[in-house]
Amino acid sequence: MEILLFGITREIVGKSTLTVQQEEKLETVGQLKTWLGEQYPAMKKLSSLAVAVDSEYAEDTQTLAPGQEVALIPPVSGG
Amino acid sequence: MLIKIVEDVDLNEAYHYLQDPGAGGIDLFVGTVRDHAQGKQVVKLVFEAYAPMALNEMQKLAGAAQQQWPIAKLVMVHAVGEKMVGEPVVIIGVASAHRDAAFTACRFLIDELKKTVPIWKKEYYEDNSVWVNAHP
C-alpha cells in the first residue's frame with residue numbers, strides 16, 4: 001500500500017510516499033494509524049492525524065482495500 | 001462556481017467572475033501573508049495542498065453555502081508555493097442579491113476552509129520554521 005504524505009508527515013517520514021508492506025496486515029484506517037504511531041513516534045505528538053481514502057476523510061473503522069488512494073492529513077492550516 | 005488551486009491568485013479574475021446582473025453585492029475576502037506570528041517576525045510562508053481532495057472539500061463547502069444562502073456566484077481560490085509578506089494567498093468571493101447573504105456566506109466559506117480543506121502552511125521566521133497547527 002502506498003500512502004501519500006503532506007506537510008509535517010512528509011517531513012517526519014522523510015519522503016512524499018510511504019510504502020507499507022502487505023505483511024503488516026493493516027486492514028483498517030485505525031490499524032494504519034496505530035502502526036504509524038509505532039513506526040514514527042513523532043506522529044503521536046501531532047495535534048491530530050486524519051487519513052483520507054480516495055480523497056475523503058475516513059473513519060477509523062473504514063476498511064482499506066487495494067487500489068485505493070490513501071493519504072495522511074495532518075492538522076490543516078490553509079487560509 | 002470558480003474553485004481552484006493555483007500558483008498565484010488573481011483578484012481581477014475573481015472579481016470579473018463574480019459580476020452578475022442579479023447580484024446587489026459582491027463580498028470578496030482576500031487572505032494575505034502577515035509579517036508576524038506568535039510574537040515572531042515572519043519572513044515568508046510556503047503552502048502545499050493535497051489538490052484533488054482540497055478541491056473536493058472546497059466543492060462540498062460551496063455546495064453547503066449554496067444550500068443555505070441565495071448565491072449568484074461563488075469563488076474559492078487558494079495559492080500554493082512560496083508567498084512573501086503582503087502577498088494574497090486565498091480569495092473567497094460571493095455575489096448575492098443582498099449583502100447579508102454575501103457577507104455571511106463569505107465568512108462561512110473562509111472559516112470552514114481553514115478547518116477541513118487539506119492545505120498546509122509552513123511559517124518561516126528569521127531563525128527557524130514551523131508547520132502551523134501541527135502541534136498542540
Side-chain angles (χ1 to χ4, degrees), chain A residues 1-20 28-30 32-34 36-79, chain B residues 3-6 9 29-34 37-38 42 45-61 76-81 83 88-92 106-123 128-136:
Chain A
M1 177 170 48
E2 302 269 299
I3 299 169
L4 304 178
L5 305 172
F6 298 95
I8 196 165
T9 60
R10 178 169 44 73
E11 288 189 358
I12 289 170
V13 175
K15 47 193 176 184
S16 55
T17 308
L18 175 63
T19 304
V20 181
T28 65
V29 166
L32 169 62
K33 284 186 185 171
T34 304
L36 285 164
E38 288 162 5
Q39 301 293 313
Y40 303 97
M43 297 261 188
K44 289 193 278 193
K45 298 195 172 117
L46 300 176
S47 306
S48 66
L49 182 63
V51 170
V53 176
D54 291 336
S55 290
E56 296 282 353
Y57 285 104
E59 300 288 338
D60 284 357
T61 51
Q62 185 163 335
T63 307
L64 296 168
Q68 290 169 330
E69 183 168 286
V70 179
L72 298 190
I73 312 291
V76 301
S77 52
Chain B
I3 294 180
K4 55 184 183 176
I5 290 171
V6 296
V9 301
F29 172 81
V30 182
T32 54
V33 180
R34 185 179 54 221
Q38 275 109 48
V42 172
L45 300 181
V46 173
F47 287 88
E48 72 178 64
Y50 176 20
M53 182 177 175
L55 292 169
N56 188 24
E57 291 294 319
M58 286 155 88
Q59 293 277 358
K60 281 191 214 169
L61 294 176
M76 300 180 86
V77 181
H78 204 296
V80 289
K83 298 293 156 198
V89 297
V90 59
I91 302 176
I92 306 291
C106 197
R107 169 121 211 177
F108 166 83
L109 290 168
I110 184 63
D111 287 353
E112 294 301 311
L113 177 146
K114 282 173 166 279
K115 290 180 203 162
T116 62
V117 177
I119 296 175
W120 300 270
K121 72 176 152 237
K122 195 172 194 183
E123 263 169 4
N128 67 338
S129 60
V130 166
W131 285 103
V132 177
N133 295 349
H135 294 106

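Order of the sequence lines sets the chain letters (A, B, ...), proteins ahead of strands, with each chain counted from 1. What you see is a predicted model; the values in this text were computed from it and never measured.
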Q. What residues of residues 45-56 of chain A sit under 4.5 Å from chain B when only non-hydrogen atoms are counted?
A.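 Within residues 45-56 of chain A, the residues under 4.5 Å from chain B are A:Lys45, A:Leu46, A:Ser47, A:Ala52, A:Ser55, A:Glu56.
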
(Q) Which residues in residues 60-68 of chain A have any heavy atom closer than 4.5 Å to a heavy atom of chain B? (A)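 Listed by number: none.
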
Q) When rounded to the nearest 0.5 angstrom, what is the spacing between CE in B:Met53 and CG in A:Leu4? A) 11.5 Å

Check each atom of [X] against the heavy atoms of chain A and say whether the ones under 4.5 Å are side chain, backbone, both or neither.
X	result
B:Lys115	backbone
B:Lys121	both
B:Ala54	neither
B:Tyr50	both
B:His135	both
B:Asn56	side chain

(Q) Tell me whether A:Glu59 at atom CD has more than 12 heavy atoms from other residues, nucleotides or ligands lying less than 6.0 Å away. (A)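 No.
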
Q.
Quick check on the interface: out of B:Leu113, B:Thr116, B:Val89, B:Ile110, who has the most heavy-atom pairs with chain A under 4.5 Å?
A. B:Thr116

Q: Heavy atoms only, distances under 4.5 angstrom: which of B:Val80, B:Val130, B:Ile119 has the most pairs with chain A? Name it, please.
A: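 Greatest number of close heavy-atom pairs with chain A: B:Ile119.
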
Q: Return the minimal non-hydrogen interatomic distance between A:Tyr57 and B:Val117, and the atom names on each side.
A: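 Closest approach of A:Tyr57 to B:Val117: OH-N, 4.5 Å.
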
Q. What heavy-atom pair brings A:Ser77 and B:Asn133 nearest, and what distance separates the two atoms?
A. CB-ND2, 3.8 Å

**Q.** Side-chain donor or acceptor of B:Trp120 paired with backbone N/O of A:Pro74 under 3.5 Å
**A.** yes

